[in-house]
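In the text below, chain A, chain B and the rest are named by the order of the sequence lines, each starting its count at 1.
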2 protein chains.
Amino acid sequence: MSKSNSQSYVCGLDAAIDVVGGKWKVLLLWTLSEGEKRFGELKRCLDGVSEKMLIQHLRELERDGVVHREVHHVVPPKVQYSLTEFGVSLNDALRPLGAWGCEHKTRLEAIRNTPDDTSDAEDLAATPASRSA
Amino acid sequence: MSKSNSQSYVCGLDAAIDVVGGKWKVLLLWTLSEGEKRFGELKRCLDGVSEKMLIQHLRELERDGVVHREVHHVVPPKVQYSLTEFGVSLNDALRPLGAWGCEHKTRLEAIRNTPDDTSDAEDLAATPASRSA
DNA sequence: CCTCGCACTCACCCTACGGTAGGTACCTTA
DNA sequence: TAAGGTACCTACCGTAGGGTGAGTGCGAGG
């Protein structure tokens with residue numbers, strides 16, 4: 001992502017979103033929170049991710065210090081990925097957000113699956129009808 | 001964003017990230033958490049956002065039900081944006097993440113400002129010949 | 001009269017994010 | 001001998017996310 005890279009984050013949220021803002025990043029964290037996993041396992045767990053993206057995101061997460069990469073120099077290559085304490089703390093910080101998303105996910109899915117309502121009938125030129133949150 | 005749009009979210013985190021995953025979304029939420037603000041105010045608060053993105057993100061957040069848009073039909077147009085209860089709950093859910101980011105933001109900034117280390121000396125493809133383990 | 005500010009809209013452009021496909025070095029199994 | 005698995009790398013390519021700049025309708029200020 002790197003939305004505001006190479007300059008100061010405003011409130012910390014930027015930083016966090018920056019770390020976690022890839023397409024598969026949160027899935028990776030989520031999956032790794034179950035425990036150590038190797039590359040192929042992750043690939044199978046995420047199901048749909050391309051190897052390129054998996055590696056890329058793993059590298060970024062490693063670089064950010066949230067995942068640990070352990071290479072075993074054995075004949076069929078074996079690499080274990082796991083969360084660092086940093087990553088665990090990140091996962092903890094993400095938990096409320098996950099709960100929020102879980103709680104409202106059906107609603108959000110519904111919104112996103114509507115064929116684009118464009119329900120701005122009451123825009124700058126219509127009756128200010130009663131709306132409710 | 002819409003990383004996995006029109007299909008089920010895996011763990012709720014996807015959904016949340018989807019809502020909040022724009023470049024300025026979290027900043028918007030953060031800014032709006034201070035209270036009702038009008039368009040120009042937001043523009044000045046975020047400082048650097050283009051009007052297009054501001055509107056776009058505001059629209060998306062409105063569509064997701066996290067911000068409320070109130071149009072006053074006065075001669076110089078006046079539009080007030082505020083958080084809905086939904087948005088407030090989202091902000092609450094984001095707070096730990098913000099705290100996490102705040103706590104580690106210097107570290108993350110440092111990582112992101114390093115001119116790309118590529119410190120993988122012991123990789124799988126480092127020494128092409130001498131690797132018999 | 002000209003311009004500015006508000007709150008947008010529209011058109012164009014460019015980057016980077018993400019996907020696809022093919023290749024690598026080594027060993028195991030059929 | 002061929003196929004397959006492991007953990008990658010590399011090049012190419014399409015799209016969408018984001019940026020720039022102009023225009024709009026209206027009143028206020030210089």
(message) So, OP1 or OP2 of D:dA7: does either fall under 4.0 Å of a side-chain N or O from A:R38?
(response) yes
(request) Kindly say if A:H57 contacts the phosphate of C:dG18, meaning a side-chain N or O under 4.0 Å from OP1 or OP2. (result) yes
(request) Name the closest nucleotide to the B:V75 side chain, picking from D:dG19, C:dG19, D:dC26. (result) D:dC26
(request) Could you tell me whether the phosphate oxygens of C:dC6, OP1 or OP2, come under 4.0 Å of any side-chain nitrogen or oxygen in B:K43? (result) no
(request) Among the candidates D:dT6, D:dC8, C:dT9, find the nucleotide nearest to the side-chain atoms of A:R44. (result) D:dT6
(message) So that I can tick it off, tell me whether B:R112 and A:D64 are bridged by a salt bridge, with the cut-off set at under 4.0 angstrom between side-chain N and carboxylate O.
(response) yes
(request) For B:Q80 and for A:G48, find the nucleotide of DNA chain C with the closest heavy atom, then tell me which residue's nucleotide is more 5'. (result) B:Q80
(message) Are the side chains of A:R38 and A:K78 in contact, using a 4.5 Å heavy-atom criterion?
(response) yes
(request) Kindly say whether A:H68 contributes a backbone atom to a donor-acceptor pair with the side chain of A:T84 at under 3.5 angstrom? (result) no
(request) Starting at atom CE of B:M53, determine the distance to atom C1' of D:dG21, rounded to an integer number of angstrom. (result) 16 Å
(message) Return whichever of A:S50 or B:E41 has its heavy-atom-nearest nucleotide of DNA chain C closer to the 5' end.
(response) B:E41
(message) Please tell me if B:H72 has a side-chain N or O lying less than 4.0 Å from either OP1 or OP2 of C:dA7.
(response) no
(message) Checking side-chain contact (heavy atoms from CB on, under 4.5 Å) between A:V20 and each of A:L61, A:L28, A:L94, which is the one that passes?
(response) A:L94
(request) May I ask you to evaluate whether B:R59 reaches the phosphate of C:dC8, defined as a side-chain N or O under 4.0 Å from OP1 or OP2? (result) yes
(request) Could you check which of D:dC8, C:dA7, D:dT20 has an atom nearest any side-chain atom of B:F39? (result) C:dA7
(message) Under 6.0 Å between ring centres: does that hold for B:F86 and A:H104?
(response) yes
(request) Would you indicate what B:Q56 reaches in the nucleic acid, counting non-hydrogen atoms under 4.0 angstrom: base, sugar-phosphate, or nothing? (result) nothing
(message) So if I take every side-chain heavy atom of B:P77 and compare against D:dG18, C:dA7, C:dC8, which nucleotide ends up nearest?
(response) C:dA7
(request) Measure from CG on B:L42 to C1' on C:dC8 and round the result to the nearest Å. (result) 14 Å
(message) Can you identify which nucleotide, out of D:dT20, C:dA7, D:dC9, has its nearest atom closest to the A:I55 side chain?
(response) D:dC9
(message) Checking contacts here: which listed nucleotide (C:dA11, C:dG18, C:dA7) is nearest the side-chain heavy atoms of B:K52?
(response) C:dA11
